[in-house]
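Letters A, B, ... are given to chains in the order of the sequence lines, protein chains preceding strands, and every chain is numbered from 1.
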2 protein chains.
Amino acid sequence: MNISDVARETGLPPKTIRYYEEIGLIRPLRDTNGYRVFRQSDSHKLAFLGRARALGFSIEDCRKLMALYEDQDRASSDVKHLAQEHLTQIEEKIAQLQSMQATLRHLVRECAGDARPDCPILRDLAEG
Amino acid sequence: MNISDVARETGLPPKTIRYYEEIGLIRPLRDTNGYRVFRQSDSHKLAFLGRARALGFSIEDCRKLMALYEDQDRASSDVKHLAQEHLTQIEEKIAQLQSMQATLRHLVRECAGDARPDCPILRDLAEG
DNA sequence: CTTGACCTTACAGTGACTGGAATCCCTATC
DNA sequence: GATAGGGATTCCAGTCACTGTAAGGTCAAG
């Protein structure tokens, strides 16, 4: 498979696939012309990475998850621990965004949004 | 005021304050020794920026908000429009994170988290 | 006169790509 | 055989909003 084939298969852009090779997440073979040659196992790994990224795992977490995936002797506790930590971070991020959302919603509701200069949003930013 | 004074006043790190000058958000004066000299108005602007950033506005949005703040003839509709767009983006981000959260919660709950290698988290990542 | 706290600039690094330029390869057609 | 196209390659720069570090200048106290 060439890069565009595996890009179609995995839904990842060719640029991203090249980047993943550059940082050592995958190691596709090379044809005599220098083209990357992707085995089914490479495509499989890329799909794995794509799903992990879609769940918000960092690249370094993805690297660890891949290593665990390939380690037949892993303990599921290691995987769970990683996922739990990530989940906690997501929940913190949600809480933070919800706090912004609440403030913004309130301010937007208060603002007349007409041609006059008076604005509670700017007042809030100016005075805290 | 020197940079550390205004840093204390605004809660922004000196590094960030220098950066904000570099990108033209503030224009403090300079003493003969080259030190930045912050007027009360600079400190006020920085506090404004800090609050806008805390609400998640991008630097470019902050620049626009500052310009609107300083424009006596602004229309509050312009401010409201900016805030509304930002709010929408925050809500999209929250929805995206909540979707990740739901999946991760489910997977974490399913995973035994013991010494055995069997793991629904990895299975999900591998098979989709 | 030295110490130590403060200030300055300039440059590199972060995360995870993304865009663009220059060049090479392969296949098909004229 | 020349050429046109679509795809592949590498390398470099840019994104966003800082943050870290190094090398040096300034100031007040002792």
(Q) Do A:Arg27 and A:Arg36 make a side-chain contact, defined as non-hydrogen atoms from C-beta onward lying under 4.5 Å apart? (A) no
Q | 5' priority, DNA chain C, between A:Phe57 and B:Lys15 [closest heavy atom] | A | B:Lys15
**Q.** Ion pair check, A:Asp118 and A:Arg123, cut-off under 4.0 Å
**A.** yes
Q) Between C:dT9 atom P and B:Asp31 atom CG, what is the distance in whole Å? A) 13 Å
**Q.** Nearest-nucleotide pick for A:Asn33, side chain only, options being D:dT10, C:dC25, C:dA16
**A.** C:dC25
Q) Of all the nucleotides listed (D:dC18, C:dA16, D:dG7), which has the minimum atom distance to the side chain of A:Ser58? A) C:dA16
Q. Taking all non-hydrogen atoms of both residues, which atom of A:Leu104 and which atom of B:Ala83 are closest, and how far apart?
A. CD2-CB, 4.5 Å
Q) In whole angstroms, how far is the P atom of C:dA16 from the CG atom of A:Leu49? A) 12 Å
Q) Between atom OH in A:Tyr20 and atom C1' in C:dG15, what is the gap in whole Å? A) 11 Å
Q | Protein-nucleotide distance (A:Asp5, atom CG; C:dC26, atom C1'), rounded to Å | A | 14 Å
Q. Think A:Thr16 has a side-chain N or O under 4.0 angstrom from the OP1 or OP2 of C:dT18?
A. yes
**Q.** Rounded distance in Å - CD (B:Glu21) to C1' (C:dT8)
**A.** 11 Å
(Q) The criterion is ring pair (Phe, Tyr, Trp, His ring centres under 6.0 Å); which residues satisfy it with B:Tyr69, sequence neighbours excluded? (A) B:Phe48
Q: With heavy atoms under 4.0 Å as the rule, sort B:Ile3 into base, sugar-phosphate or nothing.
A: sugar-phosphate
**Q.** Nearest-Å distance for atom pair CZ/P, residues A:Arg8 and D:dG6
**A.** 15 Å
(Q) Does C:dT9 have OP1 or OP2 under 4.0 Å away from a side-chain N or O of B:Arg30? (A) yes
Q) How many Å lie between CD1 on A:Ile23 and C1' on C:dT14, as a whole number? A) 14 Å
Q) So does B:Arg39 have more than 12 non-hydrogen atoms from other groups sitting under 6.0 Å from CZ? A) yes
Q. In terms of the nearest nucleotide of DNA chain D, which residue is placed more toward the 5' end: B:Ile59 or B:Tyr35?
A. B:Ile59
Q) Does B:Arg53 have a side-chain nitrogen or oxygen under 4.0 Å from the phosphate oxygens OP1 or OP2 of D:dC18? A) yes
Q: Name the nucleic acid region contacted by B:Arg36, choosing base, sugar-phosphate or nothing; use a 4.0 angstrom heavy-atom cut-off, strictly under.
A: sugar-phosphate
Q. Tell me: CD of A:Glu22 to P of D:dA8, nearest whole Å?
A. 18 Å
